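This is a predicted model, so every value here is computed, not measured. Hydrogens, waters and symmetry mates are skipped; everything else that's a heavy atom, side chains included, is used.
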Amino acid sequence: MEVSRVDVAVETRAPTGETAAYLLGSDPALLVDPAARTDRLDALAAERGVGHVAVTHHHPDHVGAVADYAEAHDATVWARTGRTDAFEAAAGVAPDRTFAEGTRIGTGEGAVRVVDTPGHAPEHVAFAASGVGRADDSVVVAGDLAVAAGSVVVGAPEGDLRAYLTSLRRIHTMAPDRLLPAHGPSVEGPAVRATATRLVAHRLDRERRVREAVAAGAETVPEVTDAAYEKDLSGVRDLAEATVRAHLEKLAVEGSVRWDGERARPVG
């Protein structure tokens with residue numbers, strides 16, 4: 001199956017300033033995460049014969065041109081089952097069909113399988129395909145599940161760190177030949193598992209810092225953030241605080257801290 005990437009400049013908090021749209025298969029092809037229209041994406045979509053449009057999740061830097069490409073190609077629009085209203089509000093078009101874990105979306109070069117990967121967003125999915133490039137190589141179009149360098153924001157209220165860690169471990173088990181993120185370069189070979197391992201370790205290290213901050217007397221989100229981050233948060237303070245809140249919610253569910261939505265306290 002042919003897989004092509006087009007990086008689209010779009011307003012995003014990702015440091016790349018771009019979101020990658022992917023085309024999988026042809027006649028018909030599946031277009032994933034069209035953030036905006038570009039001449040190159042227009043040309044490739046026409047060449048490959050887009051028949052389906054879907055997104056990994058509903059954030060604005062992933063859905064901006066869903067309606068445009070669906071209309072231009074009379075394509076079937078897909079959305080996560082149970083999340084169709086949120087999808088329509090974000091993308092500006094109602095879905096024609098819904099998918100769930102394991103759904104197969106047919107292309108002219110084989111089926112693309114939907115893989116549940118919640119955490120960054122509750123509806124987040126990835127798209128897995130095989131027979132790509134050399135022999136029977138497999139790829140996963142991963143959206144905002146993972147990045148080759150740095151980390152992904154998992155912030156409250158939508159972010160769920162328990163789900164996110166499970167999703168990373170799932171990708172580690174799947175071990176595709178290539179992981180294709182929405183931001184930054186692709187991840188290939190042994191680096192796929194190494195990246196999943198790195199991101200899990202990063203989250204658990206941040207969790208440790210949050211737990212230690214609460215044990216040392218930090219109670220509010222700003223207080224815990226100041227203690228848990230050892231870097232300048234200018235320009236990303238809101239993201240850091242949303243992340244800390246998500247960590248506190250996880251720790252509270254697991255019984256490691258007490259958290260009432262405003263103040264955190266040690267257990268015992």
- Hydrophobic cluster mates of Val66, side-chain heavy atoms under 4.5 angstrom, ILVMFWY only, any path?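 Direct or chained contacts put Val66 with Val6, Val8, Leu23, Leu31, Leu41, Leu44, Val50, Val53, Val55, Val63, Tyr69, Val77, Phe87, Val93.
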[X]: side-chain contact (heavy atoms from CB on, under 4.5 Å) partners, not counting sequence neighbours:
X: Glu109; answer: Met1, Glu2, Ser26, Thr107
X: Ala100; answer: Arg80, Thr81, Thr103
X: Ala148; answer: Pro185, Val187

- OG1 on Thr243 to CG on Leu248, rounded to 0.5 Å: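 One gets 11.0 Å once the value is rounded to the nearest 0.5 Å.
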- Apply salt bridge (Lys or Arg N to Asp or Glu O under 4.0 Å) to Asp260 and Arg258, showing your working. CA-CA 7 Å; Asp260 63 7; Arg258 292 202 299 270; over 6 Å; no
Any side-chain heavy-atom pair from [X] and [Y] closer than 4.5 angstrom?
X: Val224; Y: Thr220; value: no
X: Arg209; Y: Glu230; value: yes
X: Arg113; Y: Ile105; value: no
X: Arg203; Y: Val200; value: no
X: Val152; Y: Leu145; value: no
X: Glu188; Y: Ser186; value: yes

- Those residues at least two apart in sequence (or on a different chain) that pass side chain to side chain donor-acceptor pair (under 3.5 Å) with Glu71 are none
Please list every donor-acceptor pair under 3.5 Å in which a side-chain atom of residues 117-124 meets a protein atom from a residue at least two apart or in another chain.
| residue | atom | partner | partner atom | Å |
| --- | --- | --- | --- | --- |
| Thr117 | OG1 | His124 | ND1 | 2.9 |
| Thr117 | OG1 | Ala126 | N | 3.4 |
| His120 | ND1 | Val153 | O | 2.6 |
| His120 | NE2 | His59 | ND1 | 3.2 |
| His120 | NE2 | Asp144 | OD2 | 3.1 |
| Glu123 | OE1 | Arg83 | NH2 | 2.9 |
| Glu123 | OE2 | His58 | N | 2.8 |
| His124 | ND1 | Thr117 | O | 3.4 |
| His124 | NE2 | Asp144 | N | 3.0 |

- Task: Any chance you could lay out the side chain to side chain contact (heavy atoms under 4.5 Å, CB included) test for Arg211 and Leu251, step after step, and finish with the verdict?
- Result: CA-CA 8 Å; Arg211 192 169 55 245; Leu251 290 168; 4.0 Å; yes
Please say yes or no: joined through hydrophobic side-chain contacts below 4.5 Å, possibly via intermediate residues, are [X] and [Y] part of one cluster?
X: Val154; Y: Val221; answer: no
X: Leu204; Y: Val253; answer: no
X: Leu180; Y: Leu24; answer: yes
X: Val112; Y: Val141; answer: yes
X: Leu168; Y: Val192; answer: yes

What's the shortest heavy-atom distance between [X] and [Y], and which atoms?
X: Pro28; Y: Gly51; answer: CB-CA, 3.7 Å
X: Ala54; Y: Pro34; answer: O-CD, 4.1 Å
X: His52; Y: Gly106; answer: NE2-O, 3.0 Å
X: Thr19; Y: Asp33; answer: CG2-O, 4.3 Å
X: Pro181; Y: Ala146; answer: CB-O, 3.2 Å

- Message: Hydrogens and angles aside, do Asp177 and Ser138 bring a side-chain donor and acceptor to less than 3.5 Å of each other?
- Response: yes
Residue pairs involving [range] (criterion salt bridge (charged side-chain N to carboxylate O under 4.0 Å, His left out); sequence neighbours excluded):
range: residues 234-243; result: Arg13-Asp238, Asp226-Arg237, Arg237-Glu241
range: residues 162-172; result: Glu101-Arg170, Arg162-Glu254
range: residues 50-63; result: none

Looking at [X] and [Y], does any basic side-chain N land under 4.0 Å from a carboxylate oxygen?
X: Asp42; Y: Arg37; result: yes
X: Arg208; Y: Glu212; result: yes
X: Arg5; Y: Asp7; result: yes

- Task: Step by step, work out the side chain to side chain contact (heavy atoms under 4.5 Å, CB included) result for Trp78 and Asp96.
- Result: CA-CA 6 Å; Trp78 293 78; Asp96 302 302; over 6 Å; no
Restricting to pairs with a member in [range], which pass ring-ring contact (aromatic ring centres under 6.0 Å, His included), not counting sequence neighbours?
range: residues 236-262; value: none
range: residues 211-232; value: none
range: residues 161-215; value: His62-His183

- Query: Considering residues, nucleotides and ligands other than Arg265, do more than 12 of their heavy atoms fall under 6.0 Å from its CZ?
  - Reply: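 Enclosed.
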- Message: If you apply the rule side chain to side chain contact (heavy atoms under 4.5 Å, CB included), what do you find for Ser151 with Leu199, and how did you get there?
- Response: CA-CA 7 Å; Ser151 61; Leu199 290 169; 4.3 Å; yes
- Query: Taking it one step at a time, do Val140 and Phe127 satisfy side chain to side chain contact (heavy atoms under 4.5 Å, CB included)?
  - Reply: CA-CA 5 Å; Val140 170; Phe127 297 92; over 6 Å; no
